[in-house]
Amino acid sequence: MPIAQDPLSVEVTLPREDVALVTVEGYLDVDTATEFQHHLANQLHHGRRHFLLDLSAVPFMDSSGMNIILRVYQEARELPGSVHIISPTPAVRRILDLTGVSITVPVSESVDEALERVDRPQAAPAEPEV
């Protein structure tokens, strides 16, 4: 009889109307990624544009979890919005760094730091000179 893995726990709080703080606890892998995706899709549906993903209690993440993060990152950018990863565990940070995800999706050490990044105006692309 296989040993049941700890289920994924996802808690969503709203620091502001357009910001969803998504606190994830447990393994973020092929068995749990769909649940994670449903929570993010629900927040997109309710008009959230900025996503703060607290991964401080995620001991392991595979490519399924990374794909969900990259997908919500793409969707949020089109709004325009943003995605920020907060306090990933060392094992998860290593995966994010090795795959280059941490170059694309900003990593913050705290919710406050991530909110400061949300509030910073994004530099507009330079207009080509004629």
Note, [X] side chain near [Y] side chain (heavy atom, < 4.5 Å):
X      : Y      : answer
Asp29  : Leu8   : no
Val118 : Arg16  : yes
Glu35  : Leu28  : no
Pro88  : Val107 : yes
Tyr27  : Val58  : no
Val111 : Leu115 : yes
Val12  : Leu21  : no
His84  : Ser82  : yes

Contact summary for [X] and [Y], nearest pair of heavy atoms:
X     : Y      : value
Ala76 : Val83  : CB-CG2, 4.0 Å
Leu52 : Ala114 : CD2-CB, 3.8 Å
Pro59 : Val92  : C-CG2, 4.3 Å

So Asp54 and Ser56, side-chain hydrogen bond (donor to acceptor under 3.5 Å, both in side chains) or not? Walk me through it. CA-CA 6 Å; Asp54 183 343; Ser56 61; 2.7 Å; yes
More than 12 heavy atoms of other residues, nucleotides or ligands under 6.0 Å from CZ of Arg77: is that the case? no
Intermediate values then yes/no, side chain to side chain contact (heavy atoms under 4.5 Å, CB included), Ile85 and Leu96: CA-CA 10 Å; Ile85 296 171; Leu96 294 170; 3.9 Å; yes
To the nearest 0.5 Å, tell me how far [X] [atom1] sits from [Y] [atom2].
X      : Y     : atom1 : atom2 : answer
Ile103 : Asp97 : CD1   : CG    : 8.0 Å
Ile68  : Thr34 : CD1   : OG1   : 6.5 Å
Leu40  : Gln43 : CG    : CD    : 8.0 Å
Gln37  : Ile69 : CD    : CD1   : 12.0 Å
Leu44  : Arg48 : CG    : CZ    : 10.0 Å
Thr104 : Met66 : OG1   : CE    : 11.5 Å

Cluster link Val30 to Val101, ILVMFWY, side chain under 4.5 Å: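 Looking at the clustering, Val101 is in a separate group from Val30.
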Apply side-chain hydrogen bond (donor to acceptor under 3.5 Å, both in side chains) to the pair His46 and Asn42, showing each step before the final yes or no. CA-CA 6 Å; His46 284 92; Asn42 185 41; 3.1 Å; yes
Side-chain donor/acceptor of Arg49 to backbone N/O of Leu79, under 3.5 Å: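 Side chain of Arg49 to backbone of Leu79: no pair is present.
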Salt bridge check, Arg117 against Glu113: does any charged N sit closer than 4.0 Å to a carboxylate O? yes
